[in-house]
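Each chain gets a letter, A, B and so on, in the order its sequence line appears, and its residues count up from 1.
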There are 4 protein chains.
Amino acid sequence: MTTSSPTRDRIIDAAMELFGAHGFRGTSVAKIEAAAGLTPGAGGLYHHFRSKEDLLRAGIDRHLARLHALRDIRATFTGVGDLRTELTLTARYVLAELDEERELLQILAAEARSRPDLVRDAVNQLLGTSQTGFAAQLADLAGLSPDRADAVAVVALGALFSARMPRDLFNATPALDDETFIRTWVEMLSALVAS
Amino acid sequence: MTTSSPTRDRIIDAAMELFGAHGFRGTSVAKIEAAAGLTPGAGGLYHHFRSKEDLLRAGIDRHLARLHALRDIRATFTGVGDLRTELTLTARYVLAELDEERELLQILAAEARSRPDLVRDAVNQLLGTSQTGFAAQLADLAGLSPDRADAVAVVALGALFSARMPRDLFNATPALDDETFIRTWVEMLSALVAS
Amino acid sequence: MTTSSPTRDRIIDAAMELFGAHGFRGTSVAKIEAAAGLTPGAGGLYHHFRSKEDLLRAGIDRHLARLHALRDIRATFTGVGDLRTELTLTARYVLAELDEERELLQILAAEARSRPDLVRDAVNQLLGTSQTGFAAQLADLAGLSPDRADAVAVVALGALFSARMPRDLFNATPALDDETFIRTWVEMLSALVAS
Amino acid sequence: MTTSSPTRDRIIDAAMELFGAHGFRGTSVAKIEAAAGLTPGAGGLYHHFRSKEDLLRAGIDRHLARLHALRDIRATFTGVGDLRTELTLTARYVLAELDEERELLQILAAEARSRPDLVRDAVNQLLGTSQTGFAAQLADLAGLSPDRADAVAVVALGALFSARMPRDLFNATPALDDETFIRTWVEMLSALVAS
DNA sequence: GATGAATGAGTATTCATTCAT
DNA sequence: CATGAATGAATACTCATTCAT
C-alpha cells in the first residue's frame, strides 16, 4: 500500500490528465506542479515521487487498482437472464469500462514505444482477466469447449474494443452509435453460438 | 509534387523507423541525420525539410500513398469464390495490410494527442475506404441491406483490427494465432449472414 | 560557549565525516540529517545550527579545540634525551597529530578556494604554534640562533608534513614507509645541526 | 591527439581558471560559457566537450602535457657545477614548476575527494617522475646508494613542496622567503650528503 | 548540398532553508 | 525538539533551428 496524501493524489490527478492530453514527454514537471496547486518549477513534486517516471507508474497503478474494484463489483450481476440479455449487459459493461479507462489507454498507447515493459505489464493486466473471464462466461452460457470459448472470446472482445479504439486512440469519428454496434455484436455472437 | 532525392528518401526512411521506435519527441534531429548518413547536429536535414514536423508529415504521406497502391491491386482478386473463401481472403489481406502499416500505426497512436488533426486525417484515410469497401463487398456477397452491411462491416473489421492492435500498439502478446483467429472470425460472420 | 547536546554532537560528527568524504558542496543537509539519525530533508539540523556553513565552522572549531588539548599534553614529554631521540619523538608526534587531523585537513584543502578566510585562520592556528614551538625546541637543543632556528624549523616541518600530504590530500600512494622517512629526516636534521 | 580549436582552447582556459578560483562544483557551465565568450546557458560548451567532467579532464591533461614539455627542457641544464650549485638550481627549478602548476594543484586538491582516481593519476604523474629523476641526480652527484638516494629524494622534495603548499593550498602566509628557504634546504642536503 | 558552430528556450532534478503542526 | 511539506533559485544538459563557409 503506497502512502497517500491529498497533495499526492492531486499530483496524480493532474499528471494523468496532462499525460493523456499532451503525452508524457509533452508534459513538464513544472506544469504538473502548477496544475496540482504547487509552485511550478520548485520541485515540490519530488517530495511525493522519486521521479516523473515514478509518478507515471503510480498513476497507472491507481488506474489498475480502480479497475480491479470495478471487476469485483461486476461479478455480482452475472448469471441472470438468457444469452442475448447477458451478452448485451456484458457489452455495455465492457464499453463502460473502456470509457472509464480511456485516459489510461491513451497514455499507454502513447508510451508503448518508450516504456515497453511498463506498458506491456499494464495492458496484460487490463486484457488478460477480461479475456479469461469472458471465455468462462461463454463456456458456461453457451456450452462451448474451452478452446473454442477462448477463441470466440478473443475475437468478440476485440470487436468490442474496436468500438472505442479508433475514437480514443486516433481521434477518428466513430462509425456507429453504441446501440447499433452492440445489437450487431450480440447478433453475431448468438448466431455463432447457435450454429 | 514534392521534390525527391536519394538523400531525402534516406532521411524519411531513417526518421520513420526512429519515430516508430522512440516516438517523435524521443527522436532528435541529430539522430535522424546520423541515421541518414549526414553529420549529426549539422542541420543538413533542413535542406530537405522545412522542419521536423514537416518531415513527419512527409513520412506519413509516403505511407498513405503506398497504401493506395496496395488497395488498387486488391480490387483484382475480389469476386471469385464462395462466401467463406472470400471472407478468408479478405481477412488475410487486411491483416497483411495492417502488418505493412505497423510502423505508421505506431507513430499515429503515439502522436494522436500532440497532433490530433494530422492523425485524424491519416486514420480516416486508412479506415474509411476499408469500411465502405468491405460493406459493399458484404452487401454484394450476402445480400445485406446497405445499413446492415455498414454495421456488420464496422463490427467485423474492428474484430480484425483487434488481432493486431494489442501487439502492435501495446506490446501485448497476441492471444491467438492467425489461423485460429481468422477461422473463428469467418465462422462468426457467416453464421450472422446466414441467420 | 555554544550550547552542546547529544544531537548537536551527532550532527557535527556526521557532517565532518561526510564533508571529508564528499566535500562541503557534495554533502546535502538532508544526508547529514539522515546520518545523524534525523529525518532527512525535514530541516531538523536548523534547530542546532543557523546554516550549513555555521555547522562547518562548528566542526572545524571542535577539531581545533581537540588539537589544543593534544598540544598541552605534549609539553610534558619534551626535554628528556639526546638530540636524535628527541627529534625522532618529535617526528612521531607530528605524524600522529597529522593523522589525527586528516579529516580536517581534507576539508580545509577542499574548501580553501570557496572559504578563503575560514581556511586561512584554521591553518594558521594549525601551523603557527607548531612552527614556533619546534623552532624553540631547536634553539634550545642545538643552540641555533633564533633566525636560523626559525628557518630550519620551517624547512624540516615542511618535510614532515609532506610525508602525509600526498596521501591525505591527493590520494597518492606514499613513497616511503614511516620508519625510513623518520630515520632519514632525523639524519638530515642532525647533520645540519652538527655542521 | 585531441581536436583543437580556438573556442575549445578558450573554454579550457576559462574553465581551469574558474575551477581554480571557485572549485569544480562552484563553477557553473553557464559561467564557463560566458567567460569563454559564448552565450551563457546555451550549452555551446557541449559542442566541444561531452560533459563538464570531460572538460575538467581535458584541462588537467593539457596541464600535464605542458609539464612534460617543461621537464624535457630541464634535462639540458643539469650536470654542470658543484653539488651546492646544482642543488640550488634544482630547488629553483622545482619551485618554478610548482608555481607553473599552482592552478592545477589547487584544482586537484579540491577535487581529491570527489574524483579520487582522476586526481590520483594526475598526481602520480606529477610526483613520480620528479622523485625518480631527483633520486638519480643525487645518486650521481653524491654517490648515494639507490635506496638511500630514494629516501633522501622523497624527504628533500617533500620539504621543497612544502614551501608552496601552505600558501597555494591553504591560503596561509608563507613563513619564509624563497632565498632563505632554498639556502637552508641546500645546507641541509649537503650536510647530510657530506656526513 | 553539407558542415561546424552557435543560440534561445526548455527540462528534470537538487537543495538550503522556512514554517505550521 | 522533530517533522512533513513547501519554495526560490540553481544547475547540467538537450534540442530544433540558423547561418557563414
Side-chain angles (χ1 to χ4, degrees), chain A residues 3 5-8 11 24-33 36-55, chain B residues 5-8 24-33 36-55, chain C residues 5-8 24-33 36-55, chain D residues 3 5-8 11 24-33 36-55:
Chain A
T3 329
S5 86
T7 306
R8 199 187 130 97
I11 294 176
F24 180 77
R25 290 185 93 115
T27 304
S28 74
V29 169
K31 284 243 169 75
I32 300 172
E33 288 169 336
L38 298 180
T39 311
L45 183 151
Y46 294 92
H47 290 284
H48 302 275
F49 304 92
R50 266 217 283 272
S51 68
K52 197 185 163 190
E53 175 133 16
D54 193 41
L55 164 57
Chain B
S5 84
T7 306
R8 196 187 131 96
F24 180 77
R25 291 187 91 115
T27 304
S28 72
V29 169
K31 284 240 169 78
I32 299 171
E33 288 169 337
L38 298 181
T39 310
L45 183 150
Y46 293 91
H47 290 287
H48 302 275
F49 303 93
R50 266 216 284 272
S51 71
K52 199 184 164 191
E53 176 134 15
D54 192 40
L55 163 58
Chain C
S5 84
T7 306
R8 197 187 130 96
F24 180 76
R25 291 186 90 114
T27 304
S28 71
V29 169
K31 283 238 169 79
I32 300 171
E33 288 169 336
L38 298 182
T39 310
L45 183 151
Y46 293 91
H47 290 287
H48 302 275
F49 303 94
R50 264 216 285 272
S51 70
K52 197 184 163 190
E53 175 134 17
D54 193 40
L55 162 58
Chain D
T3 328
S5 86
T7 307
R8 198 188 130 97
I11 293 176
F24 180 78
R25 291 185 91 115
T27 304
S28 73
V29 169
K31 284 241 169 73
I32 300 172
E33 287 169 336
L38 298 181
T39 310
L45 183 151
Y46 294 93
H47 289 285
H48 301 275
F49 303 93
R50 264 215 285 271
S51 68
K52 198 185 162 190
E53 174 133 17
D54 193 40
L55 164 57

- Just need the stems in DNA chain E: three or more back-to-back Watson-Crick or G-U pairs, each with both distances under 3.5 angstrom, sorted by first number. E:2-21 with F:2-21
- Query: When the distance from CZ of C:F49 to P of F:dC1 is rounded to whole Å, what number comes out?
  - Reply: 12 Å
- Query: Rounded to the nearest 0.5 Å, how far does NE2 of A:H48 lie from CG of A:L38?
  - Reply: 6.5 Å
- Picking from E:dA2, E:dA6, F:dA2, the nucleotide nearest the side-chain atoms of C:H48 would be F:dA2
- Query: Does a side-chain N or O from B:T7 land closer than 4.0 Å to OP1 or OP2 of E:dA2, or not?
  - Reply: yes
- Message: Does the protein touch nucleotides 14-21 of chain F at the base, only the backbone, or not at all? Give it as B, S and - per nucleotide, heavy atoms under 4.0 Å.
- Response: BBSBBB--
- Whole-Å distance, D:I11 CD1 to E:dT7 P, equals 11 Å
- Query: Does the pair D:V29 and D:L55 meet the rule for a side-chain contact (heavy atoms from CB on, under 4.5 Å), with working shown?
  - Reply: CA-CA 10 Å; D:V29 169; D:L55 164 57; over 6 Å; no
- Query: Looking at NZ of A:K52 and CZ of A:R25, how far apart are the two atoms once the value is rounded to the nearest 0.5 Å?
  - Reply: 8.0 Å
- Query: In whole angstrom, what separates A:L38's CG from F:dA6's C1'?
  - Reply: 8 Å
- Heavy-atom closest pair, residues A:I11 and A:F49: CG2-CE1, 3.7 Å
- For B:Y46, check ring pair (Phe, Tyr, Trp, His ring centres under 6.0 Å) against everything at least two apart and list the hits. none
- Closest approach of A:P40 to A:A30 (non-hydrogen atoms, all atoms of both residues): CB-O, 3.5 Å
